[in-house]
Amino acid sequence: KYGPLELDQTSTQVRYDGRPLELTRTEYMILETMLLYPSRVFSSDVLYGRVEGFDGTGTSATMKSHIANLRKKFRVAGARSEIIITLYGFGYRLADS
């Protein structure tokens with residue numbers, strides 16, 4: 001649990017403020033990774049390495065798209081502020097809860 005965000009690793013269910021979120025496998029794994037280390041900054045390469053296994057196929061543009069999709073789903077669920085923030089030149093991290 002991280003603020004209003006809940007992730008159940010057993011059922012792979014994610015809720016924001018009690019509302020279920022329908023995530024893709026990749027979105028779920030990105031979020032799970034970030035929740036395991038909530039204050040850590042993750043570069044696109046590191047996230048791809050954790051999510052897909054590092055094979056050189058992931059790009060920062062692709063990760064940017066996954067992050068944008070997650071942000072959109074949080075907004076639809078009622079988030080009033082960003083859950084995942086971008087630290088330009090460094091990567092992504094969870095916003096303070």
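Keep in mind that what you see is a predicted model, and the values were worked out from it rather than measured. Computed from heavy atoms alone, side chains included, the values below leave out hydrogens, waters and symmetry copies.
The side-chain heavy atoms of Met63 and Ile30, taken from C-beta on, include a pair separated by under 4.5 Å. Annotation: side chain of Tyr48 is in contact with side chain of His66 (closest heavy-atom distance under 4.5 Å). Residues Tyr37 and Phe42 have side chains in contact (heavy-atom distance under 4.5 Å, counting atoms from C-beta outward).
Qualifying side-chain hydrogen bond (donor to acceptor under 3.5 Å, both in side chains) partners for Ser44, counting only residues two or more places apart in sequence or in other chains: none. Legend: residues meeting side-chain contact (heavy atoms from CB on, under 4.5 Å) with Ser65, ordered by chain and number and at least two apart, are Asn69.
The structure places CG of Leu5 at 7.5 Å from CG of Leu94, a figure rounded to the nearest 0.5 Å. Between the CG atom in Leu7 and the CG atom in Leu36 there is a gap of 8.0 Å [rounded to 0.5 Å].
Met34 and Val41 fall into different hydrophobic clusters, where Ile, Leu, Val, Met, Phe, Trp and Tyr side chains are chained together by heavy-atom contacts under 4.5 Å.
Checking side-chain atoms of Lys73 against main-chain N and O of Leu21 turns up no donor-acceptor pair under 3.5 Å.
Between Tyr2 and Ala95 the shortest heavy-atom distance is OH-O, 2.8 Å. Summarising the geometry of Arg50 relative to Arg40, their closest heavy-atom pair is NH2-NH1, 3.4 Å, with the distance given to 0.1 Å. Of all the heavy atoms in Arg93 and Asp96, the pair that sits closest is NH1-OD1, 3.6 Å.
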Show me the side-chain donor-acceptor pairs of residues 74-89 shorter than 3.5 Å, one per line, residues at least two apart or across chains.
unit_1	atom_1	unit_2	atom_2	d
Glu82	OE1	Arg71	NE	3.4
Thr86	OG1	Arg71	NH2	2.8

Next on the checklist: With side chain to side chain contact (heavy atoms under 4.5 Å, CB included) as the criterion, how do Thr24 and Met29 come out once you've worked through the C-alpha distance, each side chain's angles and the decisive distance to 0.1 Å?
Outcome noted: CA-CA 9 Å; Thr24 66; Met29 292 183 74; over 6 Å; no
